[in-house]
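Worksheet for the structure shown next.
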Amino acid sequence: MARRLERHYAEGTHIAEYVDGEVPPLGEDRKTIFLPDTDTFKMVELGGRTLGMFLTEVLAPLAEKYGEDVWEVGRKAMFEVGKKRAATMAKRMKIDDITDARCLGRIMDLEDNNAGVRGEWVEWGKKRAVKHEYECSQAKPYEKCPQICTILLEAMEQGTMEALGAKVKTPIITKVLPVGDPYCEVVVELLDD
């Protein structure tokens, strides 16, 4: 049975029907938007892969033309993105103890879920937590431009941790699939005061 969604706006109505199997050919009903009823993870994975291709195709030529300045500008911008998102992430994921590495690691749990990344925590101590991410929809596109992971995503994590008041060892992202590592590795290790 198809799932139907209607949303009414002052300017018009959005009508979508999510169908099992194949999307039907365009027929007489041209107002309804027909979409495959796909699981959420599959849709996130597709979106993540598209984002990976987009970022790679924009940033690789910019870095080729302008050099390391591109990564420095990007690093600063992503650090600020991390700071701006910190409060929302902390609230959504109940990050209520910045002295617990695994609690801080919930940031990665939300990011991974939203980006189509699959992995597991292999260490979950209070002072040090390590996550291995075995599958990432962006890994293949980022092979052309792994700095997206090693510089930009790293900076975003650092900005988030700083805004939360957490003092962690850097780098946080210590291995990445796009450079041939067997998995991406995230290490949340608290620094001694």
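Count residues from 1 along the sequence.
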Task: Plane angle bin for Y134 and Y183 - parallel if under 30°, tilted between 30 and 60°, otherwise perpendicular - done: perpendicular
TODO: Answer with yes or no whether the side chains of Q158 and E154 bring together a donor and an acceptor at under 3.5 Å.
DONE: yes
- [ ] For residues A166 and I98, report the shortest heavy-atom separation together with the two atoms involved.
- [x] N-CD1, 3.9 Å
- [ ] First locate atom CG of L190, then atom CZ of R128, and finally report the distance between them rounded to the nearest 0.5 Å.
- [x] 11.0 Å
TODO: Would you kindly confirm whether I148 and V179 end up in one hydrophobic cluster when ILVMFWY residues are joined by side chain heavy atoms under 4.5 Å apart?
DONE: yes
Task: Donor-acceptor contact present, side-chain S137 to main-chain G47, <3.5 Å - done: no
Task: same_hphob_cluster(V176, M78) at 4.5 Å side-chain heavy-atom cutoff - done: yes
Open item on the list: Between K126 and T99, does the side-chain contact (heavy atoms from CB on, under 4.5 Å) criterion hold? Intermediate values first, please.
Closed with: CA-CA 7 Å; K126 195 164 172 65; T99 65; 4.1 Å; yes
Open item on the list: With a sphere of 6.0 Å drawn around CZ of R4, does it hold more than 12 non-hydrogen atoms of other residues, nucleotides or ligands?
Closed with: yes
Open item on the list: Check this for me: does any side-chain nitrogen of one of K84 and E80 sit under 4.0 Å from a carboxylate oxygen of the other?
Closed with: no
Task: Side-chain donor or acceptor of T56 paired with backbone N/O of P141 under 3.5 Å - done: yes
Open item on the list: Before you tell me yes or no, could you show the steps for L59 and Q147 under side-chain contact (heavy atoms from CB on, under 4.5 Å), namely the whole-Å CA-CA distance, both residues' side-chain angles and the distance that decides it to 0.1 Å?
Closed with: CA-CA 9 Å; L59 291 172; Q147 297 92 327; over 6 Å; no
Open item on the list: Would you say NZ of K42 has more than 12 non-hydrogen atoms from neighbouring residues, nucleotides or ligands within 6.0 angstrom?
Closed with: no
- [ ] Can you see which heavy atom on G21 is nearest to which on P36, and at what distance?
- [x] O-CB, 4.3 Å
Task: Linked, directly or transitively: V81 and I151 (ILVMFWY side chains, under 4.5 Å) - done: yes
Open item on the list: With a sphere of 6.0 Å drawn around CD of E22, does it hold more than 12 non-hydrogen atoms of other residues, nucleotides or ligands?
Closed with: no
Task: E11: partners by side chain to side chain contact (heavy atoms under 4.5 Å, CB included), with sequence neighbours left out - done: Y9
Task: Within-4.5 Å side-chain heavy-atom neighbours: I95 and L104 - done: yes
- [ ] Start with the C-alpha gap between I33 and H14, add the side-chain angles, then the distance that decides, and say whether side-chain contact (heavy atoms from CB on, under 4.5 Å) holds.
- [x] CA-CA 8 Å; I33 300 165; H14 167 79; 3.7 Å; yes
Open item on the list: In this structure, would M53 and L177 fall into the same cluster of hydrophobic residues linked by side-chain contacts under 4.5 Å?
Closed with: no
Task: Carboxylate-amine/guanidinium proximity below 4.0 Å for E157 and R85 - done: yes
TODO: Kindly give the heavy-atom pair with the smallest separation between K94 and C103, and that separation in Å.
DONE: O-SG, 3.9 Å
Task: Closest non-hydrogen atom pair, C136 against V117 - done: SG-CG2, 3.8 Å
Open item on the list: If you define the side chain from C-beta out and look only at heavy atoms, does anything of V188 sit under 4.5 Å from M161?
Closed with: yes
- [ ] Report yes if the side chains of P178 and C149 come closer than 4.5 Å at any heavy-atom pair, otherwise no.
- [x] yes
TODO: Kindly write out the residues that satisfy side chain to side chain contact (heavy atoms under 4.5 Å, CB included) with E68, not counting sequence neighbours, or none if the list is empty.
DONE: W71
Open item on the list: Can you tell me how far apart CG (L153) and CG (L55) are? Round to the nearest 0.5 Å.
Closed with: 8.5 Å
Task: Set of residues satisfying salt bridge (Lys or Arg N to Asp or Glu O under 4.0 Å) with respect to E120, sequence neighbours excluded - done: none
- [ ] Walk me through it: do E45 and E135 pass the test side-chain contact (heavy atoms from CB on, under 4.5 Å)?
- [x] CA-CA 10 Å; E45 188 177 312; E135 184 179 337; 4.0 Å; yes
Task: Salt bridge present between D97 and R106 (N-O < 4.0 angstrom) - done: no
Open item on the list: Could you check whether atom NZ of K140 has more than 12 heavy atoms from other residues, nucleotides or ligands sitting under 6.0 Å from it?
Closed with: no
- [ ] To the nearest 0.5 angstrom, please state how far the CG atom of L62 sits from the CG atom of D69.
- [x] 11.5 Å
Open item on the list: To the nearest 0.5 Å, what is the distance between CE on M156 and CZ on R75?
Closed with: 14.0 Å
TODO: Enter the distance from D20:CG to T38:OG1 here, rounded to the nearest 0.5 Å.
DONE: 9.5 Å
- [ ] Please examine the side chains of V187 and K169, heavy atoms only from C-beta on, and report whether any two atoms are closer than 4.5 Å.
- [x] no
Open item on the list: If you compare all heavy atoms of W121 against all heavy atoms of D109, which two are closest, and at what distance to 0.1 Å?
Closed with: NE1-OD1, 2.8 Å
Open item on the list: Quick check on the hydrophobic clustering: are L5 and V23 connected, directly or via other members, by side-chain heavy-atom contacts under 4.5 Å?
Closed with: no
Open item on the list: How close do R3 and D37 get, counting heavy atoms only, and between which atoms?
Closed with: NH2-OD1, 3.1 Å
- [ ] Starting at CG of L35, measure out to CE of M43 and round the result to the nearest 0.5 Å.
- [x] 7.0 Å
